[in-house]
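See below for the structure under consideration.
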Amino acid sequence: MNNVRVRFAPSPTGPLHIGGVRTALFNYLFAKKNNGTFILRIEDTDQLRYVPGAEEYIMDSLEWCGITFDEGIRQGGKYAPYKQSERKDIYQQFANQLVQKGAAYYAFDTPEELEEMRKKLEQQKSSIQQYNYATRMEMKNSFTISPELIKQKIENGENYVIRFNIPENVAIEMQDLIRGKVTVNSSTLDDKVLFKSDGLPTYHLANIVDDHLMQISHVIRGEEWLPSLPLHYLLYDSFGWEKPQFAHLPLILKPTGKGKLSKRDGDSGGFPVFPIDWTDPNTNEKYAGYKQWGYCPDAFVNMLALLGWNSGTEQEIFSLSELEQIFTIEKVGKAGAKFDPEKTKWFNEQYIRNKPDEELANYLLNFLNQQNIQTTDDKKNIEYLTKVCHLIKDRATLLTDLYQLGNYFFEAPKDYEPKTLKKFWKEDTKNLMEKVKNILTTIEDLSAHDTEQILKTWIEENQIAFGKVMNPLRILLVGDAKGPHLFDIMQLIGKDEVLKRIEYGINNLN
RNA sequence: GGUCCGGUCGUCUAACGGUUAGGACGUCAGAUUUUCAUUCUGAUAAUCGGGGUUCGAUUCCCCGUCGGACUGCCA
């Protein structure tokens, strides 16, 4: 495919949630796969819903995911500006063009009048409850007001909008890359506002004008836009422009219950819906992000890619660059997908296990510093942390688990898990630990291999049950019946520390 | 209410009109293990209903049903 140009066009009305990220991802993958250009365009034509910081949030989030743009706010491009509020002047002339052609018209109805009309139609249980061919003759617009008066009203500075003149009873046949042919009769459509009284275009106008001007070849967006596709078709035709190809992605649904995923679902469901943390500047409400929860960006992206798309093979783990090679629109499903927090965790586990120990160590070091966790300098050291991560990464679901899972590598257990203690600390245990301590004292550096051999030999020779020694020893060193191979732990934390912990236990238990 | 889009294990999904309907997550069981995990093995469970078309429908068509989206001077 030549000259593929796709855009992600969010509106900065709040943080981007995972549905939006997935739309961006699919656009990005489609562009990469087809050697195309990926564009970010900010659709901020609604000044009322503008949220400060949202624009930055969107860009930062996608950057965290590794989704990059060829053209956009931060990188510029020859179709700049990429923000609709900065393209304001462009839209009016196009709206006027449509009016001149008779494809659009002026309307002067106030919000109250519109509401009244809708209410009336609803009460009448009319089959048509819209501003269209059936009702427009009863409203205040170019059809009911003389051209002279219209001109005068506009010159007087009266508020007006420009509406699209939807034709009556025309079959609009559309093509969608995911759904195939879709047909709608124009009589079921309404005369959408194209140009608002505040001097800005609505989404419908701005999106068509900009897609045309920016030479967009494929429009890949959420299914919620499918109902306005006929309008967009009509708009392209009215301008006499060639249409891009369209693909409407299935929605991401709530994990439980009904409806599409919304920002509130995260709190109740115990999982983030946003890529990174977000604080609403107006209400100060905080929303958690995948990044801060401890998800790896590549795992997050991998999970998203498989929500509504599949490779056709049984492979499920894909790097971003792999996806760039194999992504196709044809493999995108039609049905909405319920979001699955459990599977998301699984993806993250897979990624953590496959990451180099050192990379995890860097994360952990950062974490220790950020959380201001006190430990000795020799422990806040990449080499040491790398070994720690090597031992514990199989147990982690989130990156943030890493510290909790290995806290005994940084400090002696403060107290012992009561149930475990009760289970394994018996009357003769203290004695046994005393003996173990004496043996360990004689071993030079507590290397895992040597220690294991020596201790095992001693246990066998004395015909003691293995668990009778190892379990309480683990409690003294770790504080609980958990964690990696005990001899590996001993080697890592070192002889002094091991002896100290055993001694403390002997002195404080029973 | 109207318009449109969907419906395969609980969830994500695979299956030129011909498969014992496959995989993954989850759950359960077993194996391994000094513990917790990991890992391995096994089990579990699905074509929304009714009509067609066809030698044969998960697959194509119609109806119903269920679910979703849209129905703003929001995007």
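Letters A, B, ... are given to chains in the order of the sequence lines, protein chains preceding strands, and every chain is numbered from 1. All of these numbers come straight from a predicted model, not from anything done at the bench.
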Base, sugar-phosphate alone, or nothing: which one does [X] contact when heavy atoms must sit under 4.0 Å apart?
| X | value |
| --- | --- |
| A:Gly259 | sugar-phosphate |
| A:Lys260 | sugar-phosphate |
| A:Val161 | base |
| A:Leu306 | sugar-phosphate |
| A:Thr202 | sugar-phosphate |
| A:Val182 | sugar-phosphate |
| A:Asp480 | nothing |
| A:Lys125 | nothing |
| A:Arg474 | base |
| A:Gly222 | nothing |
| A:Pro484 | base |

Inset, instruction - Test for a donor-acceptor pair under 3.5 Å between the base of B:C36 and the side chain of A:Arg395, counting only N and O atoms. - result: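 Indeed there is one.
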
Legend entry - A:His485 (side chain) and B:U34 (base): donor-acceptor pair under 3.5 Å: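 A donor-acceptor contact between them is present.
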
In whole Å, measure the gap between the [atom1] atoms of [N] and [M] for me.
| N | M | atom1 | result |
| --- | --- | --- | --- |
| B:A37 | B:C28 | P | 12 Å |
| B:U65 | B:G49 | P | 15 Å |
| B:A29 | B:U19 | C1' | 28 Å |
| B:C9 | B:C5 | C1' | 24 Å |
| B:A75 | B:G18 | P | 47 Å |
| B:A24 | B:U39 | P | 13 Å |

Is a salt bridge present between [X] and [Y], judged by a nitrogen-to-oxygen distance below 4.0 Å?
| X | Y | answer |
| --- | --- | --- |
| A:Lys254 | A:Asp265 | yes |
| A:Lys343 | A:Glu316 | yes |
| A:Asp44 | A:Lys88 | no |

Find the distance [X]:[atom1] to [N]:[atom2] and express it as a whole number of Å.
| X | N | atom1 | atom2 | value |
| --- | --- | --- | --- | --- |
| A:Lys338 | B:A69 | NZ | P | 12 Å |
| A:Lys419 | B:U35 | NZ | C1' | 16 Å |
| A:Leu229 | B:C4 | CG | P | 13 Å |
| A:Glu224 | B:U3 | CD | C1' | 16 Å |
| A:Met303 | B:G26 | CE | P | 15 Å |
| A:Trp225 | B:U3 | CH2 | P | 22 Å |
| A:Lys119 | B:G1 | NZ | C1' | 17 Å |
| A:Ile178 | B:A69 | CD1 | C1' | 15 Å |

Legend entry - A:Phe26 and A:Phe327 aromatic centres sub-6.0 Å: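 They qualify: ring centres under 6.0 Å apart.
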
Of the candidate nucleotides [options], which contains the atom at the shortest distance from the side chain of [X]?
| X | options | answer |
| --- | --- | --- |
| A:Trp346 | B:C74, B:G26, B:C12 | B:G26 |
| A:Lys192 | B:G6, B:U35, B:U71 | B:U71 |
| A:Gln129 | B:G1, B:U34, B:C25 | B:G1 |
| A:Phe466 | B:U34, B:G23, B:A69 | B:U34 |
| A:Asn310 | B:U34, B:G26, B:A14 | B:A14 |
| A:Gln130 | B:C25, B:U71, B:C4 | B:U71 |
| A:Phe487 | B:C73, B:U34, B:C74 | B:U34 |
| A:Asp46 | B:A69, B:A75, B:C4 | B:A75 |
| A:Arg353 | B:U34, B:U39, B:A69 | B:U39 |
| A:Lys343 | B:C12, B:C4, B:U34 | B:C12 |

[N]: pairing nucleotide in any strand, Watson-Crick or G-U under 3.5 angstrom:
| N | answer |
| --- | --- |
| B:G1 | B:U71 |
| B:A29 | B:U41 |
| B:C60 | B:G52 |

Legend entry - A:Leu226 or A:Phe108, whichever maps to the more 5' nucleotide of RNA chain B: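 Checking each residue's closest nucleotide, the 5'-ward one belongs to A:Leu226.
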
Legend entry - Of A:Gln84 and A:Leu486, the one whose closest RNA chain B nucleotide lies more 5':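 Result: A:Leu486.
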
Inset, instruction - Any chance you could lay out the salt bridge (Lys or Arg N to Asp or Glu O under 4.0 Å) test for A:Lys414 and A:Glu411, step after step, and finish with the verdict? - result: CA-CA 8 Å; A:Lys414 289 193 185 70; A:Glu411 54 182 351; 3.3 Å; yes

Legend entry - A:Lys430 atom NZ: more than 12 heavy-atom contacts under 6.0 Å: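 Enclosed.
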
[X] side-chain N/O to [N] phosphate OP1/OP2 under 4.0 Å:
| X | N | value |
| --- | --- | --- |
| A:Thr45 | B:A75 | yes |
| A:Lys331 | B:U13 | no |
| A:Arg221 | B:A69 | no |
| A:Arg163 | B:C73 | yes |
| A:Lys196 | B:A75 | yes |
| A:Asn471 | B:U34 | no |

Inset, instruction - Evaluate the side-chain hydrogen bond (donor to acceptor under 3.5 Å, both in side chains) criterion for residues A:Asp191 and A:Asn165: first the C-alpha distance (whole Å), next the side-chain angles of each, then the deciding distance (0.1 Å), finally the verdict. - result: CA-CA 6 Å; A:Asp191 292 355; A:Asn165 181 189; 4.8 Å; no

Legend entry - side-chain hydrogen bond (donor to acceptor under 3.5 Å, both in side chains) evaluation trace for A:Asp210 with A:Tyr91: CA-CA 9 Å; A:Asp210 284 344; A:Tyr91 308 110; 2.6 Å; yes

Inset, instruction - Measure from the side-chain N and O atoms of A:Asn132 to the backbone N and O of A:Ala134, and report whether any donor-acceptor pair falls under 3.5 Å. - result: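 Confirmed, A:Asn132 side chain pairs with A:Ala134 backbone.
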
Legend entry - side-chain hydrogen bond (donor to acceptor under 3.5 Å, both in side chains) partner of A:Asn207, the single match among A:Glu43, A:Arg7, A:His212: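 The passing option is A:Arg7.
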
